[in-house]
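Notes follow the structure.
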Amino acid sequence: MATLLRPVLRRLCGLPGLQRPAAEMPLRARSDGAGPLYSHHIPTSPLQKALLAAGSAAMALYNPYRHDMVAVLGETTGHRTLKVLRDQMRRDPEGAQILQERPRISTSTLDLGKLQSLPEGSLGREYLRFLDVNRVSPDTRAPTRFVDDEELAYVIQRYREVHDMLHTLLGMPTNILGEIVVKWFEAVQTGLPMCILGAFFGPIRLGTQSLQVLVSELIPWAIQNGRRAPCVLNLYYERRWEQSLRALREELGITAPPMHVQGLA
Amino acid sequence: MAAPGSCALWSCCGRGWSRAMRGCQLLGLRSSWPGDPLSARLLSQEKRAAETHFGFETVSEEEKGGKVYQVFESVAKKYDVMNDMMSLGIHRVWKDLLLWKMRPLPGTQLLDVAGGTGLAWVLGDAEELPFDDDKFDIYTIAFGIRNVTHIDQALQEAHRVLKPGGRFLCLEFSQVNNPLISRLYDLYSFQVIPVLGEVIAGDWKSYQYLVESIRRFPSQEEFKEMIEDAGFHKVTYESLTSGIVAIHSGFKL
């Protein structure tokens, strides 16, 4: 029985790139090919990824304040989709530049003073306003850990950092309803399993009134805009700070939300 | 041949300094600058740059204490929950067995070491206890000695602070004696435990350290010998749960 199980175990429990049988495996990545591919990388076996995916999904549902669990879910379930997204970025000139230059959105890379001085209605100014009003910071995004490819790790990091841009573009606040709407938009745009799961399971915690509004108005609007807009990962936001938000919305085909979401949820 | 540039690294902190120095030694720096006072200093520093293990990592001995402390600071909040989850509550049985073996009576002077960080008890170092000689009837340490940088020193200290006739008791992870159970245990340790740590406590690395440090700890027999080397007599051990843990006991005469 053991001999039959061994190849299965090896595949399930083997670290990416490692060929040795389970008994001899150091079981922790060293610098022999199965080592970390980027800073913060934790190589994981298929079994560990499966357990992490299930565990993080359950924990995120149980305790919605565990944003780190949502991130883990995204990383452990997104490999295939991230490849598709990366390839899409490569084919787009602006997206390819992003992949090449790997810009990051954080308080250390953003010139907040400059953004403050930009005219009202510009992307930069409105993004800053969004951060202020919702009392969020671009620095709360945890680094990627469980993606076993260094370029794809950047893609998911970029997706996470662009999330706040999407709030700004869509005019959605960071309350639970706003987050669900953005998740629907992201699900249609990226196809990431974590977005799809979040879009379907997020509403579980909503009251009936909010649920009604969500289903009848907000979700259809999010889906429509998600399908119409080109891939939002292909926008070099850092080069578009001066662009008027209205013009950018027009360029992407994003219409005004059906109603003001702030008061609900 | 060592490029002088790579050995200029010794200007930074002690840790980086000793590492760079070792690298230089391998590349032959000593032989090329024999009269250099710098190389004499490098030679004497060599002895201090001793290395040890931190799980499956290699770290300097100086670093280890700090790194272990960080791990336990990090796990403190969810310590009990995690212990219950990881061992399915069995750790309570192990600890009960330790107490049963101990049979403490009112009046017994008992010292329990490695009780945790941030507690309002006596803060000290297992390798250098803040107590006089011959003070305690029983010295216990449960799931702590594995993390001490110099286990032999901790054992010697235990011997010192015990009264003649006093007993040393240690509950610690050990080596599984059954090959099938060993494989299942390894699977569980390496595949499940860090995941539990991440999901419940948001801390993969501390729990990775935990399972690695268990593998680094000596076997029942080896540890028995270490206890004897510290001067204890009538050293025995009892394996529990197929050797996942063991209780070692010794007496100071």
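Per chain, numbering begins at 1; letters A, B, ... match sequence-line order. Computed from a predicted structure; not experimentally measured.
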Can you say whether Phe146(A) sits under 4.5 Å from chain B via the side chain, the backbone, both, or neither, judging by heavy atoms? side chain
Count the heavy atoms of every other residue, nucleotide or ligand shown that sit under 6.0 Å from CD of Glu128(B), and state whether that count exceeds 12. no
Can you tell me if Tyr188(B) has over 12 outside heavy atoms packed within less than 6.0 Å of its OH? yes
Tell me the closest heavy-atom pair linking Glu198(B) and Arg66(A), and the distance in Å. O-NH2, 3.3 Å
Please name the pair of heavy atoms, one in Val199(B) and one in Ser56(A), separated by the smallest distance, quoted to 0.1 Å. CG2-N, 4.0 Å
I'd like to know whether CZ of Arg80(A) has more than 12 heavy-atom contacts from other residues, nucleotides or ligands below 6.0 angstrom. no
Portion of Leu52(A) that has a non-hydrogen atom of chain B nearer than 4.5 angstrom: both
Contact origin within Leu180(B) toward chain A - heavy atom pairs under 4.5 Å: neither
From Leu9(A) atom CG to Gln191(B) atom CD, the distance as rounded to the nearest 0.5 Å: 9.0 Å
Would you indicate whether Met226(B), at its atom CE, is surrounded by more than 12 heavy atoms from other residues, nucleotides or ligands within a distance under 6.0 Å? yes
So does Arg11(A) have more than 12 non-hydrogen atoms from other groups sitting under 6.0 Å from CZ? no
Report yes if some heavy atom in the side chain of Trp204(B) is under 4.5 Å from a heavy atom in the side chain of Val72(A); otherwise report no. no
Atom CG in Asn63(A), atom CD1 in Ile200(B): separation rounded to 0.5 Å? 12.5 Å
